[in-house]
Q: 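Dropping the structure in here first, questions after.
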Protein chains: 2
Amino acid sequence: MRQVALSTVRRLALYLQFLEELEHKGKQTVSSRALAERGGATPAQVRKDLSFFGSFGKRGIGYPVGRLAARIRDILGLGRRYRVILVGAGRIGMALASYPGFDQRGFDVVTVYDVDPAKVGRKMEGKLVRHINDMDGELAKEPADIAVIGTPAGPAQAIAERLVKSGVRAILNFAPVSLHLPEDVTVTNVNMALELEALSYALSRKKA
Amino acid sequence: MRQVALSTVRRLALYLQFLEELEHKGKQTVSSRALAERGGATPAQVRKDLSFFGSFGKRGIGYPVGRLAARIRDILGLGRRYRVILVGAGRIGMALASYPGFDQRGFDVVTVYDVDPAKVGRKMEGKLVRHINDMDGELAKEPADIAVIGTPAGPAQAIAERLVKSGVRAILNFAPVSLHLPEDVTVTNVNMALELEALSYALSRKKA
DNA sequence: GAGTGTGAAATTGTTCACAGCG
DNA sequence: CGCTGTGAACAATTTCACACTC
């Protein structure tokens, strides 16, 4: 196992959320067991996850909260701010754009794009909505790190391709399609309908 | 492999989205390759996923679009409607509540609960917001199948426990905590901050 | 004693490859 | 001959178990 698994990275982010709470409470150390409970993992898994990046704990004691949090932030690349653009001023995207944890964690929503003339030029959740035709030009001048796609399924692929051409290398996709992009572009799909359908499946198993 | 993997179920939901498009276009058959392309999988994986539930395809031809879609809807338990309640009338929850695909796929948001007196009694996105204190009593009279938790992290665990006590067996959780619940309750976590942090990680790898 | 760090074992999930049907 | 269905090989991930340190 050379490359660290995505699931490990995701758990790291979960541990960090807990560590920051502990930091806030002034706790000095934390055990793999406590981290596991909160992160929905097992103690062994926590230790293994952390061991990929070095050994931070003290045997018999646990992990130093502050130092571990700092290290995870470093591993996750949270030591800087990211320029985020949002394409599609629909509800899900806007909900995200105004999510406080967003700004707080270093993600700045710099621009919102839409096609709807009724939205363009107006402010939504404090962000000015611009027309999507201007997107490529503006990205050329001021690149973005991350794009959030909140459009319907139809235009999502074409928009993603334009984004990649403009230098975006990470996409959070809410449109219900798998985007087909060069492999140096990281895409994370969040598909609400799919989550509900998975719950539906689980429920239908239970009666059986 | 006795139990079907969650990842298989999720892919099935993805295939279904594509099949419904094809149905709409009047296409009669589809190959595992075409399904794979859209579902972000390999042809072999599509065939394996489907084979857990029977064999629907014709060799040399492919799968019958309509019949396969119907079968997947059946597997996923989408042949009925679900009563969904939403706890926490924040942006993400409300965005979901008014998501058209929601209603369309058989999920009825029957009630929205919140603690904020400024919200209680008002309509948001066409849904009347009720006070969370009334939740348990109302659920006793009219049970819900699925609850969506859109509260902050703090109260989420306590609310989840109340929901379970009231008979809810499936929870879609947007609060950034792992809920600790009896194992006959299915919980799906959607954690936006975590998704962004995973993208941050991926981006920070690329410069290296 | 309490709790980490980590190879080795077990499990789970994916890909291969090919037999067999339409 | 194209494409499914599937056991068997493979790869990835999780869990175990225990040596070791504080």
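Reckoned from all heavy atoms, side chains included, excluding hydrogens, waters and symmetry mates.
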Q: Here's a test of your reading of the structure: between Leu6(A) and Pro43(B), which maps to the more 5' nucleotide of DNA chain D?
A: Pro43(B)

Q: May I ask you to verify if any side-chain N or O of Ser32(B) is less than 4.0 angstrom from the OP1 or OP2 atom of dT4(D)?
A: yes

Q: Nearest-Å distance, CZ (Phe52(B)) to C1' (dT6(D))?
A: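 Computing the Phe52(B):CZ to dT6(D):C1' distance gives 10 Å.
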
Q: Would you list the pairs meeting side-chain hydrogen bond (donor to acceptor under 3.5 Å, both in side chains) in which at least one residue belongs to residues 157-181 of chain A, sequence neighbours left out?
A: Asp136(A)-Arg162(A), Gln157(A)-Glu161(A), Arg169(A)-Asp184(A), Asn173(A)-Asn189(A)

Q: How many whole angstroms separate atom CZ of Arg33(B) from atom C1' of dT15(C)?
A: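 Interatomic distance, CZ of Arg33(B) to C1' of dT15(C): 17 Å.
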
Q: At 4.0 Å (heavy atoms only), tell me whether Ser7(B) reaches a base, stays on the sugar-phosphate, or touches nothing.
A: sugar-phosphate

Q: Please name the residue in the list Gln45(A), Lys48(A), Arg47(A), Glu37(A) that meets the side-chain hydrogen bond (donor to acceptor under 3.5 Å, both in side chains) test with Ser32(A).
A: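 Checked Gln45(A), Lys48(A), Arg47(A), Glu37(A) against Ser32(A); only one passes side-chain hydrogen bond (donor to acceptor under 3.5 Å, both in side chains): Arg47(A).
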
Q: Check this one for me: any side-chain N or O of Ser55(A) less than 4.0 Å away from OP1 or OP2 of dT4(C)?
A: no

Q: Which of these nucleotides, dT15(C), dG5(D), dG7(C), is closest to any side-chain atom of Lys48(A)?
A: dG7(C)

Q: Given dT14(C), dT13(D), dT6(D), which nucleotide is nearest the side-chain atoms of Ser51(B)?
A: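 Of all the options, the side chain of Ser51(B) is nearest to dT6(D).
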
Q: Tell me: CZ of Arg47(B) to C1' of dG2(D), nearest whole Å?
A: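 Spelled out: CZ on Arg47(B) to C1' on dG2(D) is 11 Å.
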
Q: Do the side-chain N or O atoms of Tyr63(B) get closer than 4.0 angstrom to the phosphate oxygens (OP1, OP2) of dG5(D)?
A: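 Yes.
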
Q: Go through the structure and list residues passing ring-ring contact (aromatic ring centres under 6.0 Å, His included) with Tyr201(A), not counting sequence neighbours.
A: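 Counting only residues at least two positions away or on another chain, Tyr201(A) forms no ring-ring contact (aromatic ring centres under 6.0 Å, His included).
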
Q: What's the CG-P distance between Leu50(A) and dG3(C), to the nearest Å?
A: 16 Å

Q: Would one find a side-chain N or O of Gln45(B) under 4.0 angstrom from OP1 or OP2 of dG13(C)?
A: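 The answer is no; no side-chain N or O of Gln45(B) sits under 4.0 Å from OP1 or OP2.
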
Q: Rounded to the nearest Å, what distance is computed from the CG atom of residue Leu35(A) to the P atom of nucleotide dG3(C)?
A: 13 Å

Q: Do Val185(A) and Leu179(A) come close enough that some side-chain heavy atom pair is under 4.5 Å?
A: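 They are not in contact (no side-chain heavy atoms under 4.5 Å apart), so the answer is no.
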
Q: Counting only side-chain nitrogens and oxygens, does Arg11(B) get under 4.0 Å of the OP1 or OP2 atom of dT14(C)?
A: yes

Q: Specify the separation, in whole Å, of atom CZ of Arg59(B) and atom C1' of dG22(C).
A: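 Taking atom C1' of dG22(C) as the reference, CZ of Arg59(B) is at 9 Å.
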
Q: Separation of Asp49(B) atom CG from dT14(C) atom C1', in whole Å?
A: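 Whole-Å distance recorded here is 10 Å.
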
Q: Can you confirm whether Arg33(A) is buried at CZ, in the sense that more than 12 heavy atoms of other residues, nucleotides or ligands lie under 6.0 Å from that atom?
A: no

Q: I want to check one thing: is the phosphate of dC3(D), taken as OP1 and OP2, less than 4.0 Å away from some side-chain N or O of Ser31(B)?
A: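 Checking Ser31(B) against dC3(D): no side-chain N or O falls below 4.0 Å of OP1 or OP2.
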
Q: Please figure out whether Ala44(A) or Ile61(A) has its closest DNA chain C nucleotide nearer the 5' end.
A: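 In this pair, the answer is Ile61(A).
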
